[in-house]
Amino acid sequence: MYRIQIKDMDFEQIARSGQCFRMEPNEEEHGVWRIAASGRYVEAVKEDDVFLFSCGEKEFQDMWAGYFDLQTDYGGFKKRVDSEDSYLKEAMEWGWGVRILRQDLWEMLVTFLISQNNNITRITGSVKEICKRFGEKRIGLGLAVSSDGGWVERSKSYDAFPEPEDLSSAGLRGLAGLGLGYRDKYILSIAKACSGPEGREWLLRLKEADYTSAHSLLMEQYGIGRKVADCICLFGLHHVGAFPVDTHVRQILEVHYPQGFPLERYQEYAGILQQYMFYYKVNKIPRGKLGSI
DNA sequence: CTACAGGCTGGTG
DNA sequence: CACCAGCCTGTA
């Protein structure tokens, strides 16, 4: 286990920010989060700004510190936004624990192809089913309450995200019943594009490309348009200048930024601000609906 | 029943 | 270039 203090981070908020669909509460252990990414698995609990992870320090530093983007000071972004931009300030205050995870590129390609014209519940279900059906079953370390009330490590099974070859060999018939709808052919196409040595080389080129080149490389793929390409740039390549505009963000811009969002001012990190705004719009409790919840 | 999900493709004007 | 119907399917 590894204990560490981390500012500006909250699992609940990250999990609800629509960037990650493989972070979920452990139903058996209250307060424990299950996190699967890049073929690895960890569980964690949080108390204020102190986190306990089920892995050792080396595994944490080698894998999870990067995944949670700990080298980036998110508090700094909060200080740099326009002090007169009340909507953005509210959004960042509401989603104080949102960060941009450094997730696996291949996983993001599949995930955000699924996300188009779709809702978060269904996306999560599809991703989970894909891992269950095609991913390798593995044993990782989780957390459990010990007899003295503290935490102990306990082995836990999980499904790794499948490899491109696993999906390309499945074919359209194999991809049926996952709730993908018409997106199945897009998934199959990207799986083929990422398979084999040539596919891995293409992924590598994508990782080495700058934002503009990466975006146009992505747009060449079947089923990837402007918005999905921006999501993959932001969440799979960590080009935090990318600013995906979906229906929610478009509505935010229409209502709160009729003169246009100041993209020039925030060129270097607009995607991070987008994430706070998205989270705020999707998760804030609407006035008048308080009674019904 | 309709409307809507973190849109894209392919066809038309 | 802009515009837009159609698309899978679960949920409100």
Side-chain angles (χ1 to χ4, degrees), chain A residues 13-23 87-88 91 94-95 98-101 103 105 107-130 133 167 170-193 215-257 261 263 270-286 288-293:
Chain A
Q13 292 179 30
I14 292 172
R16 289 175 177 275
S17 72
Q19 62 176 300
C20 164
F21 302 90
R22 300 208 67 201
M23 182 182 287
Y87 183 78
L88 201 42
W94 181 268
V98 170
R99 308 176 78 88
I100 307 283
L101 302 175
Q103 302 186 78
L105 174 57
E107 295 182 20
M108 294 303 98
L109 284 162
V110 175
T111 302
F112 283 94
L113 272 172
I114 296 174
S115 79
Q116 64 173 267
N117 197 21
N118 210 339
N119 59 61
I120 292 181
T121 312
R122 271 188 67 198
I123 300 164
T124 308
S126 290
V127 171
K128 196 170 189 171
E129 272 306 304
I130 281 183
R133 193 184 292 188
L167 297 188
L172 277 184
R173 298 191 73 87
L175 293 176
L178 297 167
L180 298 175
Y182 64 88
R183 306 162 195 84
D184 55 359
K185 52 189 181 290
Y186 303 154
I187 308 296
L188 186 59
S189 172
I190 200 67
K192 286 178 178 167
H215 194 270
S216 50
L217 273 174
L218 288 164
M219 290 273 290
E220 292 171 6
Q221 292 298 317
Y222 186 39
I224 299 185
R226 183 187 172 135
K227 186 269 175 181
V228 170
D230 267 326
C231 283
I232 294 165
C233 283
L234 180 56
F235 305 126
L237 295 165
H238 209 78
H239 292 309
V240 294
F243 190 79
V245 177
D246 56 44
T247 66
H248 292 294
V249 173
R250 197 185 62 243
Q251 287 172 37
I252 292 170
L253 299 187
E254 281 169 6
V255 175
H256 299 280
Y257 300 91
F261 187 73
L263 274 177
I272 294 175
L273 304 184
Q274 180 269 4
Q275 200 58 193
Y276 287 111
M277 295 193 289
F278 179 86
Y279 175 78
Y280 185 46
K281 179 176 186 299
V282 173
N283 293 287
K284 71 173 172 183
I285 300 163
K289 280 200 174 181
L290 285 166
S292 63
I293 297 177

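Predicted, not measured: the structure shown is a model, and the values here were computed from it. So that the names make sense, note that chain A is the first sequence line, chain B the second, and so on, each numbered from 1.
Counting any heavy atom pair closer than 4.0 Å across all strands shown, A/Gly18 reaches a base atom. Residue contacts shown for A/Ile123 are absent, as no nucleic acid heavy atom lies under 4.0 Å away. A/Arg226 comes within 4.0 angstrom of the backbone, heavy atoms only, and of no base. Within 4.0 Å (heavy atoms only), A/Ser126 reaches no atom of the nucleic acid at all.
Whole-Å rounding puts the A/Gln251 CD to B/dA5 C1' distance at 11 Å. In this structure, CG of A/Asp246 is placed 8 Å from P of B/dG6, rounded to the nearest angstrom. Between A/Asp184 atom CG and C/dC7 atom C1' the separation is 11 Å, expressed in whole Å. Computed from coordinates, the A/Phe278 CZ to B/dG6 P distance equals 6 Å when rounded to whole Å.
Nucleotide B/dT12 is matched to C/dA2 when pairs are restricted to Watson-Crick or G-U wobble geometry with both distances under 3.5 angstrom.
Within the 3.5 Å criterion, the main-chain N or O of A/Ser115 finds no donor-acceptor partner in the side chain of A/Arg122.
Side chain A/Tyr182 to base B/dG7: a donor-acceptor pair is found below 3.5 Å.
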| request: Please test A/Arg22 against A/Gln103 for side-chain contact (heavy atoms from CB on, under 4.5 Å), starting from the C-alpha separation and ending with a verdict. | output: CA-CA 11 Å; A/Arg22 300 208 67 201; A/Gln103 302 186 78; over 6 Å; no
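Side-chain atoms of A/Tyr222 lie closest to B/dG10 of the nucleotides B/dG10, B/dG6, B/dA5.
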